[in-house]
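Note that the numbering runs from 1 along the sequence shown for the chain.
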Amino acid sequence: MTTTDWIIDIALVLVVFRQLREDRLDLKTFLIPLGIVAFVAHNYLDSIPTAGNDLVLIGVLMAVGAALGIAGGVYTRIRSAGGHLLIKAGAVSAILWVLGMGARTGFQMWTEHGGGSDDVARFSLAHHITGEQAWVAAFVLMALTEVVTRVATIYVRSRMVVDRARRATAAVPTASVSGRAA
């Protein structure tokens, strides 16, 4: 793994750890993680192999990323206070985020340091996965899918909190002035 790989992985983990402390939900809540994965996709996703079972591998890992992202978004608390939305990642959300990002990093370290390169080669051959680029694409797209689905889930849930707060405000009866003595 290069220094850039480590910086990206640490930055993605820090995005959620930053949210372990309740803070305002604002544009940077969405733009920072999306910017990081856009950078990763631009730098690491040269192509998406389609031969053999490459798309199956990519699809499975993207589904895992989507499940982790949606669950992470669901386990992030969003509330309205003082006219602002506040966000706080719960322990489950943080664990899921680190699990997803850590799995990719762990797999990469395992294969780069000889622990699994033969096993991965045998698995790839047995399952008609055409090579290293298929694995790279699968893990990059898994991370991208996890981030996008988590951010989208948080966005949808934040709109639901805003709508619920509007309905609650609209339902509050106004004080009547007709019962006052003259």
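For the residue pair Ala94 and Leu20, the shortest heavy atom distance occurs at CB-CD2, 3.9 Å. Nearest heavy-atom pair across Leu144 and Ala41 is CD1-CB, 4.0 Å. Scanning both residues, Gly100 and Leu68, for their nearest heavy atoms gives CA-CD1, 3.6 Å. Of all heavy-atom pairs spanning Tyr44 and Val136, the tightest one is O-CG1, 3.6 Å. The two residues Thr130 and Ala51 make their nearest non-hydrogen contact at CG2-CB, 3.5 Å. Scanning all heavy atoms of the two residues, the minimum distance from Ser158 to Leu25 falls at CB-CD2, 3.3 Å.
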- List the steps and the verdict of side chain to side chain contact (heavy atoms under 4.5 Å, CB included) for Leu61 and Leu141. CA-CA 8 Å; Leu61 289 185; Leu141 289 169; over 6 Å; no
- Message: Let's go through Arg150 and Thr76 carefully: what are the C-alpha distance in whole Å and the side-chain angles of both, what is the deciding distance for side chain to side chain contact (heavy atoms under 4.5 Å, CB included) to 0.1 Å, and is it a yes or a no?
- Response: CA-CA 9 Å; Arg150 182 178 187 277; Thr76 299; 3.3 Å; yes
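The main-chain N or O of His84 is never found under 3.5 Å from a side-chain atom of Arg24 such that the two would form a donor-acceptor pair. Side-chain atoms of Asp54 do not come within 3.5 Å of backbone N or O of Ala134 as any donor-acceptor pair. Remark: the backbone N or O of Asp26 is paired with a side-chain donor or acceptor of Thr29 at under 3.5 angstrom.
The aromatic rings of Tyr155 and Phe30 lie perpendicular to each other, with more than 60° between the two planes, well past the 30° mark.
Put simply, the side chain of Leu85 reaches to within 4.5 Å of the side chain of Arg159, judged on heavy atoms. Looking only at side-chain heavy atoms (C-beta outward), Val147 and Met101 come within less than 4.5 Å of each other.
Hydrophobic cluster membership for Val56: Val60 (Ile, Leu, Val, Met, Phe, Trp, Tyr linked by side-chain heavy atoms under 4.5 Å, directly or transitively).
Follow the hydrophobic side-chain contacts under 4.5 Å out from Ile32 and you reach Trp97 in the same cluster. Ile87 and Leu31 fall into different hydrophobic clusters, defined by Ile, Leu, Val, Met, Phe, Trp and Tyr side-chain heavy atoms under 4.5 Å apart, directly or through other members. Both Phe123 and Met142 belong to a common hydrophobic cluster when Ile, Leu, Val, Met, Phe, Trp and Tyr are linked at side-chain heavy-atom distances under 4.5 angstrom.
Note that CG of Leu57 and CZ of Phe139 are 7.5 Å apart. Values are rounded to the nearest 0.5 Å. Between atom CD of residue Gln133 and atom CD1 of residue Ile48 there is a gap of 9.0 Å, rounded to the nearest 0.5 Å. To the nearest 0.5 Å, atoms CD (Glu146) and OG1 (Thr149) are separated by 7.0 Å. How far CZ of Arg164 is from CZ of Arg79: 13.0 Å, rounded to the nearest 0.5 Å. Rounding to the nearest 0.5 Å gives a distance of 8.0 Å between CG of Leu86 and CZ of Arg77. Rounding to the nearest 0.5 Å gives a distance of 15.5 Å between CG of Leu34 and CZ of Phe39.
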